[in-house]
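Let me begin by presenting the structure, written as structure tokens, before commenting on it.
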Amino acid sequence: MKRENIILLVVFVLLALVPFAAEFTGQSSWTKLVGQALIYGMAAASLNFILGYGGMISFGHAAFFGVGGYVVGIMYHHFDAGTAFLGFIPGTDQMLITLPAAVLVAGLAAAVVGALSLRTGGVQFIMITLAFAQMFFFLFISLKTYGGEDGIMVRRTNALPGLDMKDKATLYWVVLGFAAAYYLFLRRLVQSSFGQIIAGIRQNERRMAAMGISTYRYKLYAFILSGMGAGLSGALMVNFLRFASPDMMHWSKSGELMVMVILGGVGTLAGPFIGAGALFTLESMLARYTEHWMLPVGILLLIVVMTSKGGLMALIRKLTGGAK
Amino acid sequence: MILLFEQLLNGLQYGVTLFLLAAGLTLIFGIMGVINLAHGALYMVGAFAASWVAIQTGSFWGGLLAGLVASAIAGIVVELGVMRRLYARDHLDQVLATFALILIFNQSTVLIFGRQPLFTSVPEIFSGSVQILPGLPYPTYRLFVIAVGLAVAVGLYFLINKTRVGMLVRAGATNRQMVRALGVNIQGLYTAVFALGALLAGLAGVMASPIVSVQVGMGDEIILATFVVVVIGGVGSVKGAFVAGIVLGMFDTMLRAFLPATLQQVMPGPEAQALGVGLSSMGIYLMMALVLLVRPRGLFAARG
């Protein structure tokens with residue numbers, strides 16, 4: 001337990017030093033790369049909570065990621081135009097308002113999708129979550145006011161009082177802070193009795209039901225919490241890239257999030273972050289050499305799925321001698 | 001009225017295409033219990049092989065043969081190389097491995113054929129149109145596609161209900177372990193069913209190739225609609241795939257044809273257009289959600 005905290009602290013400090021390293025070596029793209037990987041890591045970690053701990057294979061997680069992002073985009077759009085959303089909600093560019101709003105709206109969306117989807121199971125659950133995500137995708141494509149297929153440009157990152165958010169390094173540290181806080185939140189969550197119940201449902205739902213636990217309700221709570229996490233990361237992503245587009249909720253994005261979880265290690269805390277970092281780094285590195293980077297990524301993914309159980313986390317554990 | 005009839009026929013043609021894809025997918029799922037996201041890639045393989053051969057030789061029929069052979073071979077390779085190891089795994093691994101296959105198939109196709117779409121023409125004898133109603137000429141080729149789809153449906157019905165292989169397929173869909181325990185060569189059956197599914201997907205690709213633009217990613221678009229068909233029809237049920245395929249094909253085509261114009265009567269033009277297109281794309285997913293809420297296992301679920 002102690003050793004784990006030391007490793008976490010070291011990793012956190014190293015990540016905090018990334019902007020300095022980027023400046024020192026002149027590789028200014030590093031900050032952007034690591035920042036995006038951290039945000040994807042948060043999204044993957046939120047998916048991992050229902051996928052890895054809860055055993056719910058949601059193929060529509062990108063929908064909540066996109067909804068969170070669009071909340072930021074739409075609020076900025078109205079702030080910029082001086083109009084009001086639905087005629088009475090004024091826009092804003094204050095992060096202290098946009099982020100909670102994004103989390104709330106994503107949670108509401110997850111509540112609706114989850115309440116309906118969780119009535120099914122197995123392959124039907126995979127497909128109905130995919131179907132709902134597609135509905136969100138096409139809904140946002142059809143909203144011409146908010147850019148349709150082109151999405152919304154957010155010309156300036158949301159403001160946080162006392163911080164210069166135009167500064168790339170500051171923005172990066174804000175993202176890192178959120179990622180670290182989310183990691184600690186998830187660690188607390190899976191150790192809580194709620195997390196234990198969720199894990200119990202994955203292992204044997206019938207037994208949990210027999211113990212008098214209303215499994216549907218607990219699964220729904222987990223689904224909503226997970227959607228809220230995805231909404232938070234989507235909102236951060238739109239702030240980070242200053243752009244919200246329907247591509248954020250394309251079904252291949254849901255697939256990518258699943259890939260990150262599997263690559264890093266299902267049902268582990270650090271796995272999704274490691275998977276997101278690995279996939280994102282790999283993609284950007286390969287994209288520099290060839291436009292056909294998807295081919296090696298596909299082959300690698302196939303090999304990982306076919307040969308290993310537990311992803312990169314299992315590998316790391318093996319290399320460090322089985323210690324956690 | 002004539003426009004409506006024409007769109008109904010277009011919907012029927014799209015519906016049989018969906019059926020050709022969904023029949024293979026639902027059999028593969030019903031018997032092997034594996035989710036194959038890469039089924040759309042086999043459709044793409046069929047379309048590309050057929051178009052390429054048709055462009056090289058100038059013969060649609062040569063292309064048809066090439067498309068069928070290529071997709072069946074691709075299917076067998078995928079089954080032997082990848083799928084075979086996934087039968088015992090959970091759905092998550094299957095989704096990811098076949099997601100990886102999509103990436104591999106798509107990028108390989110880009111490497112071989114580039115990003116430019118291929119265009120082929122319909123075969124000579126079907127190039128005209130038929131006067132099916134007074135004032136309504138309809139392209140012969142589309143009628144041919146409908147006929148092929150219906151013929152395959154009849155053929156599959158006999159194959160599944162009247163032959164020994166079909167008996168094993170039905171038994172496999174009901175209880176895999178029992179079929180294996182009774183000494184049936186289940187591996188051979190799996191490969192055969194997968195090849196048949198790939199062949200049907202390839203046939204759908206070949207049939208669509210003169211109508212749609214043959215390009216990378218064409219399989220991704222249609223595979224989602226196919227999954228909707230499979231799930232609504234009931235996983236493992238070919239009958240369900242047929243009914244759901246036809247109904248959804250028509251439903252989707254009708255929405256796309258008439259919803260934007262209807263919305264334009266109540267809202268300004270460009271916004272109505274965008275909203276109409278978006279809402280009609282949502283239609284089939286909405287339908288699937290509704291069906292699953294009433295019948296969580298689909299309309300004609302084969303497995304208990």
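This one's a predicted model, so the numbers in the text were calculated from it and none came from an experiment. So that the names make sense, note that chain A is the first sequence line, chain B the second, and so on, each numbered from 1.
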Please classify the contact of [X] with chain B as side chain, backbone, both or neither, using a heavy-atom distance under 4.5 Å.
X: A:Phe59; value: side chain
X: A:Leu51; value: side chain
X: A:Leu116; value: both
X: A:Phe132; value: side chain

To the nearest 0.5 angstrom, please state how far the [atom1] atom of [X] sits from the [atom2] atom of [Y].
X: B:Leu37; Y: A:Ser252; atom1: CG; atom2: OG; value: 11.5 Å
X: A:Leu139; Y: B:Ser281; atom1: CG; atom2: OG; value: 11.0 Å
X: B:Tyr285; Y: A:Leu130; atom1: OH; atom2: CG; value: 6.5 Å
X: A:His292; Y: B:Gln107; atom1: NE2; atom2: CD; value: 6.5 Å

Hey, which of [options] has the most heavy atom pairs under 4.5 Å with chain A?
options: B:Ile102, B:Val82, B:Val230, B:Leu101; answer: B:Val82
options: B:Leu92, B:Ile35, B:Leu279; answer: B:Leu92
options: B:Leu286, B:Leu293, B:Leu103; answer: B:Leu293

Inset, instruction - Give me the contact list for residues 215-226 of chain B versus chain A, heavy atoms only, anything under 4.5 Å, ordered by residue number. - result: B:Asp220, B:Leu224

Legend entry - Neighbourhood of chain A inside residues 248-256 of chain B, taking heavy atoms under 4.5 Å as contact: none

Inset, instruction - Name the member of A:Arg119, A:Met294, A:Met135, A:Gln124 that forms the most heavy-atom pairs with chain B at distances under 4.5 Å. - result: A:Met135

Inset, instruction - Mind ranking A:Ile141, A:Ile57, A:Val123 by heavy-atom pairs under 4.5 Å with chain B and telling me who comes out on top? - result: A:Val123

Do [X] and [Y] have side-chain heavy atoms sitting under 4.5 Å apart?
X: A:Leu301; Y: B:Phe99; answer: yes
X: A:Leu295; Y: B:Ile104; answer: yes
X: B:Val277; Y: A:Ser142; answer: no
X: A:Gln134; Y: B:Met282; answer: no
X: B:Leu275; Y: A:Lys144; answer: no

Legend entry - Check: A:Thr120 main-chain N/O paired with B:Arg297 side-chain donor or acceptor under 3.5 Å: no

Which bit of [X] is near chain A, if near means a heavy-atom gap under 4.5 Å: side chain, backbone, both or neither?
X: B:Arg295; value: neither
X: B:Val95; value: side chain
X: B:Leu96; value: both
X: B:Leu86; value: side chain

Inset, instruction - Would you please test B:Val228 and A:Met127 for side chain to side chain contact (heavy atoms under 4.5 Å, CB included) and show each step? - result: CA-CA 7 Å; B:Val228 171; A:Met127 289 303 152; over 6 Å; no

Is the [atom1] atom of [X] crowded by more than 12 outside heavy atoms at less than 6.0 Å?
X: A:Trp251; atom1: CH2; result: yes
X: A:Tyr218; atom1: OH; result: no
X: B:Gln187; atom1: CD; result: yes

Legend entry - Heavy-atom pair with the smallest gap, counting every atom of B:Ala100 and A:Gly298: CB-O, 3.4 Å

Inset, instruction - Please report the closest heavy-atom contact between A:Val305 and B:Arg89, naming both atoms and the distance. - result: O-NH1, 3.0 Å

